[in-house]
Every structure is written in C-alpha cells, then in structure tokens.
Amino acid sequence: MVLPEVYLEKPGEAERIQHIQSSMRSYLDKGILQPHAGLIYVEREVAGRARKGIVLCLDLEQYDYTKGSTSLIRATEGTIVERLPPRMKIRQGAALELRISWC
C-alpha cells in the first residue's frame, strides 16, 4: 500500500500508483482494514530478526515538517523538500494515507 522510494519518478510509476490505490479501495470495500482506537503494536520477523512497529492514526492537518516546528505532529529528522512533489503525486486520489517506518 506504499510506493517504495526506489520507484519514485521511474518507468512504471503511474501503473504502480494505480495498483496501490486500487488495492487501498479493495481493502476498504472488503472490510480488511478495521478502525481501532489507540495504537496497535506490530511485530514481524524478517530474515530471522524481529521488526517492531506501531500502527496509529494521526491528524495530518497538525503535521509540520519545517525545522524548529512546535506543532503537535512534526518531523523527527530533516525533510528533503525536493522529494515532496513525487510523494504528493502518490497521494492524489489515494483512499488512505500511509507512512511506514520500522525499527
């Protein structure tokens, strides 16, 4: 449900985005994704190592990536502004907004 950065601005990007957005709508239509209050802890195993994460819902209207921001939701690292336009293209028409980060 995300387009890895390696595919940004590469041949086939539009088709990949269309497929991703179609999958989002399908998951919503089939009820695969269910709303939950609070956070969900996720743990998966990749190449024999445990990858841990948290799934949550954020109000992106409260997000500000600019350096020195004091908004409720802000970037923890620098934002590469040149990378924003292709990411915005991915989100146009998307049924869901996703940000995936594993630690």
Side-chain angles (χ1 to χ4, degrees):
M1 291 202 310
V2 297
L3 182 69
E5 285 194 18
V6 69
Y7 297 117
L8 289 176
E9 300 180 318
K10 296 286 189 324
E13 177 190 65
E15 292 81 14
R16 289 179 192 277
I17 291 172
Q18 185 177 28
H19 178 30
I20 290 165
Q21 291 181 355
S22 174
S23 295
M24 287 178 177
R25 286 189 295 278
S26 174
Y27 292 165
L28 290 170
D29 291 344
K30 292 177 181 176
I32 292 172
L33 302 175
Q34 297 291 319
H36 292 276
L39 307 172
I40 300 172
Y41 173 75
V42 179
E43 189 171 310
R44 65 186 179 129
E45 191 169 310
V46 177
R49 292 185 47 215
R51 303 289 304 262
K52 301 167 183 128
I54 297 175
V55 178
L56 67 142
C57 180
L58 298 173
D59 180 359
L60 292 177
E61 297 295 324
Q62 301 295 320
Y63 176 71
D64 183 2
Y65 64 85
T66 57
K67 188 174 182 169
S69 171
T70 59
S71 68
L72 292 175
I73 305 166
R74 54 190 173 269
T76 57
E77 55 191 36
T79 298
I80 303 170
V81 178
E82 303 82 51
R83 303 293 287 180
L84 293 178
R87 289 187 172 126
M88 291 167 60
K89 185 168 43 173
I90 294 166
R91 291 174 174 94
Q92 290 174 351
L96 299 168
E97 176 74 29
L98 302 171
R99 168 70 166 95
I100 298 177
S101 179
W102 292 94
C103 44

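Quantities reported herein were computed from a predicted structural model and do not represent experimental measurements.
- Across every non-hydrogen atom of A94 and M24, the tightest pair is CB-SD, 4.0 Å.
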Let me have the donor-acceptor pairs involving side chains of residues 10-20, under 3.5 Å, with sequence neighbours excluded, atom names and distances please.
from	atom 1	to	atom 2	distance (Å)
E13	OE1	K89	NZ	2.8
E13	OE2	E9	N	2.7

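- Atom CD1 of I80 has 12 or fewer heavy atoms from other residues, nucleotides or ligands within 6.0 Å.
- Side-chain contact between L84 and T79 is present, with at least one heavy-atom pair separated by less than 4.5 Å.
- Linking ILVMFWY residues whenever their side-chain heavy atoms come closer than 4.5 Å, directly or via other members, places V6 and M1 in the same cluster.
- Taking hydrophobic clusters as Ile, Leu, Val, Met, Phe, Trp and Tyr residues chained together by side-chain heavy-atom distances below 4.5 Å, L39 shares a cluster with I73.
- Taken together through direct or relayed side-chain contacts under 4.5 Å among Ile, Leu, Val, Met, Phe, Trp and Tyr, L33 and Y41 form parts of separate hydrophobic clusters.
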Please output the side-chain donor-acceptor pairs of residues 57-67 that fall under 3.5 Å, not counting sequence neighbours, one pair per line with the distance.
from	atom 1	to	atom 2	distance (Å)
D59	OD1	E61	N	3.0
D64	OD1	T66	N	3.0
D64	OD1	T66	OG1	2.8
D64	OD2	T66	OG1	3.1
D64	OD2	S69	OG	3.2

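- Side-chain atoms of R74 come within 3.5 Å of backbone N or O of S71 as a donor-acceptor pair.
- Heavy-atom minimum distance, R25 versus G93: NH1-O, 4.1 Å.
- Under the 4.5 Å side-chain criterion, counting only non-hydrogen atoms from C-beta, L8 is in contact with L3.
- Counted by atom type alone, E5 and Y7 present zero donor-acceptor pairs between their side chains at under 3.5 Å.
- Side-chain contact check for L96 versus R91: every heavy-atom pair is 4.5 Å or farther apart.
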